[in-house]
Amino acid sequence: MRVWSLPALLVFALAPGGAPAVPRAPPTASPTAPSALGFADGRAGQSLDGAWHVIVDPYDNGLLDYRSQPRPNGYFADAKPKNKSDLVEYDFSRSPTLNVPGDWNTQRPELLYYEGTVWYQRTFDARADHSTTPAPGAAPATARQFLQFGAAAQRATVWLNGQRLGAHEGGFTPFAFEVTGRLRPQGNSLVVMVNDTRRPDAIPAMNTDWWNYGGLSRGVRLVETPATFIRAARVGLAQGDAHRVAGTVALDGARGPTAVIVEIPEAHARVTVETDAQGRAAFSFPATLSLWSPESPRLYDVDISAGADRVRDRIGFRTIETHGTELRLNGRSIFLRGISLHEEALGRGGRATSRADAEALLGLAKELGCNFVRLAHYPHNEEMTRAADRLGLLVWSEIPVYWTIAWDDADTLADARRQLGEEIARDGNRASIILWSVGNETPVTEARTRFLRTLIDDARAADPTRLLTAALEHHASGPREVTIDDPLGADLDVIGLNEYVGWYDGLPAKCDGLTWRSTTQKPIVVSEFGADAKAGLHADALTRFSEEYQADLYRHQLAMLRKVPAVRGMSPWILVDFRSPRRPLPGIQDGWNRKGLVANDGTKKQAFWILRDAYRGLAR
Ligand code: GCB
């Protein structure tokens, strides 16, 4: 039995050019947390970021009494003593604060490895004159209000003025609650119980090689919309036609057919369509566009309006497909010069949250000569995917279906499906994203394969324009031969492969003369290889954890992979060192995975230059 109720999320299959598909709901969803609003950042409203009061509550005392029964008057009530005799044993207004967005672990030393519940509270006014000015072109009408959360790691329950709004599971994707008619002009109390206790049935589950930071890790916003508004829109090239734009739009609150205008002013292209009775429409129109690519990351303003509502997105247009073992971007064969990265802030550690954080990380990837990044092991924040759009970096985006998951648990599958649906709904318009990945290093069992096939089917239905992958493992099929034969390969478009020849598997020289065999005729992206090195630790190339060992491993790996024709890209592990409680070695790791090409303070290790030179050669 789950303690946490699951939010309802309708995953709309928005097939460009096709008819809007039937909304699909994960089997165990409960009607508490509706899906996030598209275009929320550009809408009128107010940011609720900043200092929130917090109570650290390892015993869930704010929710349960001493018999572990629900307390009718828990912390969510944000109560104050009514008189001097009244007993209230908490007070948000006198409790310390944490910054939102941000993880709790790196804001206070005593919370570094804290896992459990933290209660967040803040007060806000909702008078119209407290709203920020609508974005240029946005309609001023503010008939409805929503509270939108960028992400709460790992799960959240939300109360407004003592009333429960709902709950959300999954630490990396947005969710929203409608609060129309529930706001006071002044002094609204918003309370969020955030919990990140690891559970065997959660996604991710008990064991990850990264520290899974807790908290309100992304921004919170009060969003205002007209009565009928554009909830979601997917815009891209029509399949098989680089001279047509196609997509779908879904209105919320429409009472009957409504006209929707989609316009790309710089391309002088525009179409008007009418929605069906449910407020949904598919559209398609001719347009002459410069295609988006890493060399030329051209983005266009796309304006969508319906009645009093108007939204704008910056969208690039490109195609991606496979042809045998080739990957083709805009019809041309491409090699993915990539690097993996965690969403961990350069310089300070902790969750990366801002545009500056995203640009610092992706700027390093550009310096390395990359045209591709693997955003491991969960959906990164939207600043990251938007920065990738602007900088011209192709993206592998994944959900945290990692290592050991409760493959037979229907609720766990529903959770994974929802996280995937929320990721695709949020980022469906990002040209940079070419690959959705459904899992990392999962065991080859029937239950696992069934589970991942459901996710693959979901992703194909929700987004037929992108390629599907997963980071698979290999096995030795002879003394000098390695085989990639995971049966899931048959369901994927691109085979992701994590291999650690030279680190967990022998010494770097083992790469020489090793042959690779794949049971599929599909492109392979080596999604991980690498070695730990402590920046500044110098020794000979056979000394573990030295920069020289790591650099030597990169030389041997690059020489080996060059000889495998089906390898059409790579994203070695990893751009920057990252925090992991699985890495205790004193004086070397000290709680950090040191496989970064760059230390967290920005120091580049020798292997950085080896890979940069190899990528320069490949770019010619
Ligand atoms: C892997 C995992 C990654 C780890 C890495 C390592 O295969 O996918 O999450 O951090 O190996 O360093 O061992």
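D389 and S432 form a side-chain donor-acceptor contact under 3.5 Å, judged by distance and modelled atom types alone. Under the 3.5 Å distance criterion, with hydrogens and angles disregarded, a donor-acceptor pair is assigned to the side chains of H168 and E422. Inspection of the T483 and D485 side chains reveals no N or O donor paired with an N or O acceptor under 3.5 Å. Between E169 and Q419, the side chains place no donor N or O within less than 3.5 Å of an acceptor N or O (distance only, hydrogens not considered).
Ionic pairing of R314 and D301 is present here: one or more N-O contacts between side-chain nitrogen and carboxylate oxygen are shorter than 4.0 angstrom. Classification of D309 and R43 as a salt-bridged pair holds, one side-chain N sitting under 4.0 Å from a carboxylate O. A salt bridge links E359 with R355: the distance from a Lys NZ or Arg NE/NH1/NH2 to an Asp or Glu carboxylate oxygen falls below 4.0 Å. Taking the charged nitrogens against the carboxylate oxygens, E367 and R612 have no contact shorter than 4.0 Å, which rules out a salt bridge. Contact check on R351 versus E343 returns a salt bridge, with a Lys/Arg side-chain nitrogen under 4.0 Å from an Asp/Glu carboxylate oxygen. No salt bridge links R270 with D303; every basic N to acidic carboxylate O contact stays at or beyond 4.0 Å.
For an aromatic pair to be called close, the ring centres must be under 6.0 Å apart, and W292 with F317 fails this. Residues F372 and F335 keep their aromatic ring centres 6.0 Å or farther apart. For W573 and H342, the gap between ring centers is short of 6.0 Å.
Distance alone, capped at 3.5 Å, is enough to place a donor-acceptor pair between the D357 side chain and the T353 backbone. For K366 (side chain) and L391 (main-chain N/O), a donor-acceptor pair under 3.5 Å exists by modelled atom type. Between the side chain of S340 and the main chain of S571, a donor-acceptor pair closer than 3.5 Å is present. A donor-acceptor pair under 3.5 Å is formed between the side chain of T454 and the backbone N or O of R450. In this structure a side-chain-to-backbone donor-acceptor pair under 3.5 Å is missing from R448 to I405.
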Worked verdict on E398 versus R374 for salt bridge (charged side-chain N to carboxylate O under 4.0 Å, His left out): CA-CA 8 Å; E398 68 190 68; R374 176 184 179 208; 2.8 Å; yes
Could you walk me through whether D458 and R418 pass the salt bridge (charged side-chain N to carboxylate O under 4.0 Å, His left out) test, one step at a time? CA-CA 10 Å; D458 278 2; R418 192 184 46 257; over 6 Å; no
Would you check, one step at a time, whether the test side-chain contact (heavy atoms from CB on, under 4.5 Å) holds for F229 with L251? CA-CA 6 Å; F229 70 94; L251 304 184; over 6 Å; no
With side-chain contact (heavy atoms from CB on, under 4.5 Å) as the test, would you mind laying out the steps for L329 and T319 before giving the verdict? CA-CA 6 Å; L329 180 78; T319 63; over 6 Å; no
Walk me through it: do R221 and F146 pass the test side-chain contact (heavy atoms from CB on, under 4.5 Å)? CA-CA 8 Å; R221 224 178 128 69; F146 296 82; over 6 Å; no
Checking side-chain hydrogen bond (donor to acceptor under 3.5 Å, both in side chains) for the pair S354/E383: CA distance, chi angles, key distance, verdict? CA-CA 6 Å; S354 63; E383 292 293 357; over 6 Å; no
Is there a side-chain contact (heavy atoms from CB on, under 4.5 Å) between I334 and N371 once you walk through the steps? CA-CA 10 Å; I334 185 169; N371 61 7; 4.1 Å; yes
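Atom CG of L420 is separated from atom CG of D463 by 9.5 Å, given to the nearest 0.5 angstrom. Between the CG atom in L237 and the CG atom in L289 there is a gap of 6.5 Å [rounded to 0.5 Å]. Residue L327 holds its CG atom at 9.5 Å from CG of D493, rounded to the nearest 0.5 Å. One finds the OG1 atom of T258 at 7.5 Å from the CD atom of E274 (value rounded to the nearest 0.5 Å). The line from CD1 of I456 to OG of S437 is 9.0 Å long, rounded to the nearest 0.5 Å. Between the NE2 atom of H474 and the OH atom of Y500 there is a distance of 10.5 Å, given to the nearest 0.5 Å.
Contact between L361 and M384 at its shortest, heavy atoms only, is CD1-CE, 3.6 Å. Between I495 and G489, the shortest heavy-atom contact is CD1-CA, 3.6 Å. Here the closest heavy-atom approach between residue R568 and residue P523 is recorded as CG-CB, 3.8 Å. Listed here is the closest heavy atom pair of T385 and I433: CG2-CD1, 4.0 Å. The two residues R430 and I315 come nearest to each other via the heavy atoms NH2-CG1, 4.3 Å. Here the closest non-hydrogen pair linking R144 and A227 is NH1-O, 2.8 Å.
E441 pairs in a side-chain contact (heavy atoms from CB on, under 4.5 Å) with only one of the listed residues (T404, N498, V401), which is N498.
Contact annotation: the side chain of I339 approaches that of L611 to within less than 4.5 Å [non-hydrogen atoms, C-beta and beyond].
Both tests pass for R298 against the ring of Y300: distance under 6.0 Å to the centre and angle within 45° of the axis.
Ring-plane geometry between F175 and F177 is classed as perpendicular, the angle between the planes exceeding 60 degrees on a 0 to 90 degree scale with a lower cut at 30.
Heavy-atom contacts from other residues, nucleotides or ligands closer than 6.0 Å to NE2 of H475 number more than 12.
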